[in-house]
Amino acid sequence: MRVIIAGAGIGGLTTALSLHAAGITDVVVHESVKEIRPLGVGINILPHAVRELIELGLGDRLARIGVPTGDLTFVNRYGQVIWSEPRGKAAGYTWPQYSIHRGRLQFMLLDAVRERLGPDSVITGSPVTSLDHDADLLVGADGVRSSVRAAMFPEEGEPLWSGEVLWRGTTYSKPFMTGRSMLMAGDDVQRVVVYPIAPPEPDGRVLINWAIQRKAAETVPRGDWNRRVEIGKFLHHVADWRFEWLDIPGLISGAEAVYEYPMVDRDPLPYWSKDGVTLLGDAAHPMYPTGSNGGTQSIIDARVLAYALATGRGVEWYEEQRRPTTAQIVASNRKDGPEVVLRMAHQRAPEGFDDIEDVMPLAEREEIATGYKKTAGFLPSVLNERASWSVPA
């Protein structure tokens, strides 16, 4: 079986590795850019995707470049804790959760593809712009502005903008909270996410990813994912967000570069597969970066697709497994996913609180957290007991 993959991002590269591991070795990845560079900022890879990378034999490499997330903590704009829960193995998963630099993860996957499939398995400067191909299957893994998706659905148009913007960057700084914390701070106007994405430097500093999400005051270009802006454009929004354990404006001020991203997604599609073509990752189901599910879901797509092809179930079965689930996540993320607790706490107690139990009872907070894990497919008990997507030798 011959497979062509459009896009050398996280989803496309994981697809190549998954196909190879499943015994499908005639695979070529075509990437539109002439030179792949480690671009981007931080992402989180949830335990159900980490499982897949470990089963692909990448566990040691992943551990060297990522930070095993210890907890996820939500606080209001005054630093008062709304909800905190352990993550990864501390939460009962068999596998960890990792916070990691997107570019480093992509290059780790790229190196593995070239080692296992050969140096010519990834062709750069080679965009896939139509559905014509000379393979048994073309996999469109070419992102939110996918050319393959556009060829399948030419009337769809531009990604859908929420009207909100993300300002993102990374800063070398001293660790905060547990040193492995993922922090969500905010209210119903804006929110800030902060977490470390690399092991400590010799001087003790760590590379910390941060992002501010807020309603945009002006139209933001929807096609530029590396648009640099000045810190002064938005720093005033969080000028007084200084907590005992983290100075957010101070952290942001230390960034070398800041990027502005539009919050976009697309409506779920009626189908992903047709006439020897299928979609995967952001090309299939772009979603808001809520709940840390973008990269995670593309990795799972890759593994399920490889399993479906290697076991003779085909792309129809792959789509049956993945399309309904990802459509539910897109819908949940549009309603803020687990981050809805920030908005709810602010609406109920805009000036803060003495006891969160008086504002949001524990049972309500637990229901929100558990509900999102169920929707996104990473309840610990379900994940730990699920059969592997690896194809037996």
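Since the model is a prediction, treat every value here as computed from it, not as a measurement.
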Peer 1: Could I get the full list of side-chain hydrogen bond (donor to acceptor under 3.5 Å, both in side chains) partners for S388, not counting sequence neighbours?
Peer 2: E55, S390
Peer 1: Quick test of your reading of the model: are D71 and R87 salt-bridged, counting only N-O distances below 4.0 Å?
Peer 2: no
Peer 1: What are the two closest heavy atoms between H285 and V330, and how far apart are they?
Peer 2: O-CG2, 4.2 Å
Peer 1: If you measure from the Lys or Arg side-chain nitrogens to the Asp or Glu carboxylate oxygens, is any gap between D111 and R61 under 4.0 Å?
Peer 2: no
Peer 1: Only one of Q321, R322, E320 passes side chain to side chain contact (heavy atoms under 4.5 Å, CB included) with Y318; say which it is.
Peer 2: R322
Peer 1: Once ring-ring contact (aromatic ring centres under 6.0 Å, His included) is applied, what residue pairs with a partner in residues 109-158 remain, sequence neighbours excluded?
Peer 2: F153-Y271
Peer 1: Is a salt bridge present between E319 and R323, judged by a nitrogen-to-oxygen distance below 4.0 Å?
Peer 2: yes
Peer 1: Do other residues, nucleotides or ligands put more than 12 heavy atoms under 6.0 Å from K274 NZ?
Peer 2: no
Peer 1: Applying side-chain hydrogen bond (donor to acceptor under 3.5 Å, both in side chains), can you list everything that pairs with W272, at least two apart in sequence or on another chain?
Peer 2: none
Peer 1: Any ion pair linking E260 and R214 (charged N to carboxylate O, less than 4.0 Å)?
Peer 2: no
Peer 1: Regarding D265 and R334, does a basic nitrogen lie under 4.0 Å from an acidic carboxylate oxygen?
Peer 2: yes
Peer 1: Identify the two heavy atoms, one from S162 and one from Y288, that lie closest to each other, and give their separation to 0.1 Å.
Peer 2: CB-OH, 3.2 Å
Peer 1: Extract all donor-acceptor atom pairs below 3.5 Å that involve side chains of residues 7-29 and protein atoms in other chains or at least two apart in sequence.
Peer 2:
from : atom 1 : to   : atom 2 : distance (Å)
T14  : OG1    : I10  : O      : 2.7
T15  : OG1    : G11  : O      : 2.7
S18  : OG     : T14  : O      : 2.8
H20  : NE2    : R116 : O      : 3.2
D26  : OD1    : R2   : NH1    : 3.1

Peer 1: Between E85 and K373, is there a salt bridge with N-O shorter than 4.0 Å?
Peer 2: yes
Peer 1: Does R77 come within less than 4.0 Å of D240, counting only side-chain N to carboxylate O?
Peer 2: yes
Peer 1: Between the side chains of E256 and R228, is the shortest nitrogen-to-carboxylate-oxygen separation below 4.0 Å, so that they form an ion pair?
Peer 2: no
Peer 1: I need the full list of salt bridge (charged side-chain N to carboxylate O under 4.0 Å, His left out) pairs touching residues 380-393, with sequence neighbours left out, sorted by first then second residue.
Peer 2: E52-R386
Peer 1: W167: which residues meet the ring-ring contact (aromatic ring centres under 6.0 Å, His included) condition with it, sequence neighbours left out?
Peer 2: F234, H237
Peer 1: Looking only at side-chain N and O atoms, does W83 offer a donor or acceptor that is under 3.5 Å from a partner on T73?
Peer 2: no
